[in-house]
Amino acid sequence: MLDIRYLRENLEEAETRIKSRGEGCSLAGFRELDDRKRKLLYANEALKAEKNRFSEEIAKVKDKSSVRRQIEDMRATSQTIKQQDEELKQLDEELRMFLLTVPNLPSPSTPLGRSEADNVEVRRWGTPPTMDFKAKPHWEVGEALRILDFETGAKLTGARFTLYRGAGARLERALINFMLDLHTGEHGYLEMLPPFMVNRESMTGTGQLPKFEDDLFKMEGLDYYLIPTAEVPVTNIHRDEILKGTELPIRYAAYTPCFRKEAGSYGKDTRGLIRQHQFNKVELVAFTKPDDSHAELERLLGNAEKVLQLLGIHYRVMALCSGDIGFSAAKTYDIEVWLPGQDTFREISSCSNFEDFQARRAAIRFRDGEKGKPEFVHTINGSGLAVGRTVVAILENYQQEDGSVLIPEALRPHMGGMERISLP
RNA sequence: GGAGAGAUGGCCGAGUCGGCCGAAGGCGCUCGCCUGCUAAGCGAGUAUACUGGGAAACCGGUAUCGAGGGUUCGAAUCCCUCUCUCUCCGCCA
């Protein structure tokens, strides 16, 4: 949510910045709605002040019959106030819905652009593995080793669900532990294991609702949703709180499964693990003071990159352009991992600075010292990493000509010393 | 699922027959005083949001005692609905 006062005072500038996201985004109608509301609020409060003054006086009067006339008047005033309250509530709701559906302003450091094609490569790490055979896509590698079973996944549930078997299941679990151990042990994050379903307030706090209801799985007959990312429960841990300035920065790491409807991506990535309705992810979330958030994003990005570095997998970092960043983000880096089986880079992590956008929605504030005014924190989060896609990267980058897959050295302790996945 | 208890400020906790209750008291915290150190003591201050005025310090208005609705000139206090927490019983990993 944007600061309503900023909008009032800098509407044109805000409009320009919003427009850099693309055509659909606009602030039209805001001024008129806001004016209407404020005018009514002013009249309403004046009446209430009058009513309060009168009630105070009447409290002192012993003989109520002497003020019967005024009491009659006040009864009418009360009715008027009640009507205005009703109108005001509607206007407030309208304004609130408007504000909740306006995306964040891209940070000045976000490159301008219309689409994915305008994203800017920031750096590359490592090199593609050398193979003197034709690399296979991970679904072929995984099926041949009988560690990924897409058919049974589809039988159990449907398309975009996968059954991991044996060493495959273990690999996924090992990666979760490996990532959590790294981030909690080396990078200073506190581990969290949140609920995998959240309520409407939480979804609104981080920006999934009200706009993206169609992407979410909702419980029948209940206002609970399956989380599309741990960002939702973990960021909302501090919803409606005022933190101490000395507590910041706060850094949390959480493993959760993620559930996404993937509406509108029919026909995309239908094979393999890339796009699933349910996938595992280790998420990094940070809360900082406003001045620190951009440095924190770089730090968090580095923490996520470290996972791939330890696994020895080639990747590149992209700065997303204004037309490609998500609804709530002010700035986003994607880490794209090299997939030799598909001869391309694919996103494996998305790290964003939301500045005060989520904090304002979720009312997450901090206070410096005892006297300081509460201020909104900045929130930063990123995948560290998407686990399923990391399995993809390992299967494709570490595949051998004989069909087996080497396990990256750093991961072996988490695999009970296993060095290679091959057919039994 | 059944029965009961509760929800007040950063925390604890009081609020009698509805009015002078944004709310006693305590703790904590901040500033000042006092004090060889520590502890104790004394004094003052200490919610949030929106909003009007002001350069600012600050002054004023409105709202908020879990949420929503009702009664009333007036509700933390009365009535209704909901949510959450706790206790007991049942069921269950």
Side-chain angles (χ1 to χ4, degrees), chain A residues 1-9 30-31 33-100 193-205 209 218-225 233 236-248 250 257 287 356-377:
Chain A
M1 196 156 61
L2 301 179
D3 182 1
I4 194 164
R5 266 175 295 191
Y6 168 78
L7 287 184
R8 270 180 206 142
E9 287 157 26
F30 168 76
R31 180 76 74 195
L33 189 58
D34 184 51
D35 280 350
R36 206 142 51 93
K37 186 216 140 174
R38 294 222 291 172
K39 214 170 271 172
L40 185 57
L41 184 68
Y42 192 78
N44 179 259
E45 289 192 343
L47 273 190
K48 282 180 176 170
E50 187 188 327
K51 185 188 82 173
N52 287 344
R53 219 176 304 120
F54 175 75
S55 288
E56 226 168 279
E57 275 169 35
I58 204 172
K60 294 177 199 149
V61 175
K62 293 254 165 53
D63 179 14
K64 305 294 190 215
S65 65
S66 69
V67 288
R68 217 163 51 208
R69 175 68 119 320
Q70 287 97 314
I71 287 181
E72 285 299 315
D73 286 351
M74 276 302 122
R75 188 173 294 158
T77 304
S78 272
Q79 280 309 112
T80 311
I81 288 174
K82 205 172 277 184
Q83 281 169 19
Q84 288 181 341
D85 280 344
E86 199 55 42
E87 261 178 84
L88 214 45
K89 211 166 97 182
Q90 279 178 24
L91 281 175
D92 261 332
E93 185 55 23
E94 231 178 292
L95 202 56
R96 195 180 79 92
M97 281 313 281
F98 176 86
L99 288 174
L100 284 177
L193 186 62
F196 301 159
M197 294 180 207
V198 297
N199 58 30
R200 170 168 292 273
E201 287 70 39
S202 295
M203 283 294 185
T204 306
L209 289 180
K218 188 178 187 198
M219 295 298 113
E220 176 132 11
L222 215 54
D223 220 12
Y224 293 170
Y225 299 79
N236 278 282
I237 288 172
H238 294 299
R239 174 153 48 85
D240 295 320
E241 289 184 10
I242 300 176
L243 304 162
K244 289 199 183 83
T246 50
E247 292 179 88
L248 300 173
I250 292 173
F287 304 80
D356 63 5
F357 187 83
Q358 294 181 326
R360 183 170 284 111
R361 287 174 160 247
I364 307 170
R365 292 173 292 176
F366 76 99
R367 196 200 307 268
D368 253 332
E370 286 300 321
K371 293 225 174 103
K373 272 255 166 232
E375 256 186 275
F376 289 112
V377 302

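So you know, we letter chains A, B, ... as the sequences are listed, proteins then strands, and number each from 1.
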Please pick, from [options], the nucleotide with the shortest atom-to-atom distance to any side-chain atom of [X].
| X | options | answer |
| --- | --- | --- |
| A/R75 | B/A49, B/U62, B/C73 | B/C73 |
| A/K51 | B/G74, B/U51, B/G61 | B/G74 |
| A/S78 | B/C73, B/A47, B/U51 | B/C73 |

Looking across every strand, which nucleic acid part, if any, lies under 4.0 Å from [X] by heavy atom: base, sugar-phosphate, or nothing?
| X | result |
| --- | --- |
| A/R96 | nothing |
| A/K37 | nothing |
| A/R5 | sugar-phosphate |
| A/R365 | sugar-phosphate |
| A/D73 | nothing |

Check this for me, if you would: do A/E50 and A/R53 make a salt bridge, where the nitrogen-to-carboxylate-oxygen distance has to be below 4.0 angstrom? no

Let me confirm one number: the CD-CD1 distance from A/E45 to A/I81, rounded to the nearest 0.5 Å. 11.0 Å

Under 3.5 Å, which protein N or O atoms sit close to an N or O of nucleotides 18-20 of chain B? Give each pair with its distance.
residue, atom, partner, partner atom, Å
B/G19, N2, A/S55, O, 3.3

Looking only at the side chains, is there a donor atom on one of A/R200 and A/Y224 sitting less than 3.5 Å from an acceptor on the other?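 A/Y224 and A/R200 do not have a side-chain donor-acceptor pair below 3.5 Å.
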
Classify the side-chain pair A/R361/A/T204 by whether it contains a donor and acceptor separated by less than 3.5 Å.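 There is no such pair between these side chains.
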
On RNA chain B, nearest-nucleotide positions of A/N44 versus A/I242: which is more 5'?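 Nearest-nucleotide comparison on RNA chain B picks A/I242.
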
Flag, side chain of A/S55 to backbone of A/K51, donor-acceptor distance under 3.5 Å: yes

In whole angstrom, what separates A/K89's NZ from B/G69's C1'? 8 Å

Roughly, in whole Å, what's the span from CG in A/D85 to C1' in B/G70?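 Answer to the nearest Å: 14 Å.
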
Side-chain N or O of A/R367 versus OP1/OP2 of B/U30: is the shortest distance under 4.0 Å?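 So the side-chain polar atoms of A/R367 never come under 4.0 Å of the phosphate oxygens OP1 or OP2 of B/U30.
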
